Amino acid sequence: MSVTTLNEFIIERQADFPYAKGELTRLLTHMSVAAKVVNREVNKAGLVDILGEIGKSNVHGEDQKKLDVYADEKFINSLKSSGECCGIASEENKDIVSFDEELPKQGRYIVTMDPLDGSSNIDVNVSIGTIFSIFRRVSPVGHKAAPEDFVQDGTKQVAAGYIIYGSSTMMVYTTGRGVNGFTLDPSIGEFCLSHPDILIPHSGIIYSINEGNNIKFPEGVKQYLKYCQEKDVPTGRPYTSRYIGSLVADFHRNLLKGGIFIYPISAGYPSGKLRLLYECNPMAMIIEQAGGKATDGRGTRIMDLKPESLHQRVPFYVGSRNMVNTAEEFMKKYGWKEPDISDIDK
Ligand code: P6P
């Protein structure tokens with residue numbers, strides 16, 4: 001059976017983009033090169049001294065693992081050298097990274113990314129991932145990227161994808177014409193088409209949420225979980241709870257098998273925990289292209305949410321469309337506001 005490499009696939013599909021003329025091709029290719037470099041380090045994380053905190057924390061006060069910083073640098077350098085990317089917004093950087101050199105200033109695209117999501121799982125060998133979105137810049141070519149380039153609606157994404165560093169390393173992405181998955185073949189150092197035209201089942205039996213936060217959840221979430229745990233009990237096991245604590249891993253499993261992932265607002269995270277620009281928007285584009293749904297739990301598409309800041313957090317309900325619809329019905333019926341738990345510990 002002939003193998004289609006990622007590069008061959010991107011070039012084959014280039015004709016889909018009359019205006020792209022190879023720019024998007026170069027950008028995605030540079031993204032995949034950085035992914036291979038990061039993959040090499042992730043795979044030996046236990047062996048060399050790149051584990052543990054570097055004594056610094058990122059803008060969210062989270063300890064920065066060396067691999068976070070390493071991945072951030074690798075993706076930034078690779079995208080900069082592509083000549084197609086004029087700037088980057090990354091979870092690991094408080095402000096946008098606008099390139100000053102002449103070549104990247106000619107770039108027509110910007111990238112938002114979480115270079116290594118789920119990094120708290122690095123030293124326990126749980127799958128982690130890179131998440132990215134690609135937009136066309138709105139500021140004039142030939143200048144540095146500007147803030148307005150990065151707070152565009154999710155519907156303006158020209159491409160979105162993730163790399164999952166798991167039992168195998170995969171790159172899954174969309175350019176608005178379906179979702180395709182490529183598995184890295186280490187023997188030839190190429191991402192090879194392994195999951196063409198991915199579609200998520202309209203329903204599933206997997207719900208994925210951190211139930212340790214249950215007491216802090218809105219009543220609508222509590223009632224939806226009760227429904228999942230009690231539905232059809234007489235006829236056998238209702239739903240299955242699966243929570244890895246690494247967005248890319250939980251998302252990828254649901255994409256292939258069906259299911260719903262929820263990170264709602266809660267007493268701990270009144271706006272939700274996940275970031276709109278480089279976690280929820282890219283995953284929302286992917287899931288919609290695969291026939292699924294992504295909303296804020298209150299009837300608004302994630303990609304229709306107005307971005308206000310680089311690290312803005314939003315509630316995230318994503319997965320099989322019938323399951324997201326059911327969860328939204330519970331939120332509507334029982335309420336989506338976070339509870340007041342101030343008297344719980346008294
Ligand atoms: P919690 C990882 O830190 C992350 O950003 C996502 O990858 C993951 O889905 C979520 O946070 C897990 O959060 O609060 O359940 O540990």
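Start at 1 and go down the list; that is how both ligands and their atoms are numbered. Note that the structure is predicted; figures quoted are calculated from it, not measured.
Short contacts between ligand 1 and Tyr243, defined as distances under 4.0 Å to a heavy atom of the residue, involve ligand atoms 1 (P), 12 (C), 13 (O), 15 (O). Remark: ligand 1 atoms within the under-4.0 Å shell around heavy atoms of Ser246 are 7 (O).
For Phe261, every heavy-atom contact with ligand 1 shorter than 4.0 Å involves the side chain, none the backbone.
One option in Asn213, Asn210, Leu247 has a heavy atom closer to atom 9 (O) of ligand 1 than any other, and that option is Leu247.
The aromatic ring centres of His311 and Tyr278 sit less than 6.0 Å apart. The aromatic ring centres of Tyr224 and Phe330 sit less than 6.0 Å apart.
By the 3.5 Å distance cut-off applied to N or O atoms, Ser120 is not counted among the residues near ligand 1.
Using a 3.5 Å distance cut-off with no hydrogens or angles, the side chains of Thr5 and Glu190 do not pair a donor with an acceptor. Between Asn214 and Lys222, the side chains place no donor N or O within less than 3.5 Å of an acceptor N or O (distance only, hydrogens not considered).
A salt bridge links Glu288 and Arg301; the closest N-O separation between the charged side-chain nitrogens and carboxylate oxygens is under 4.0 Å.
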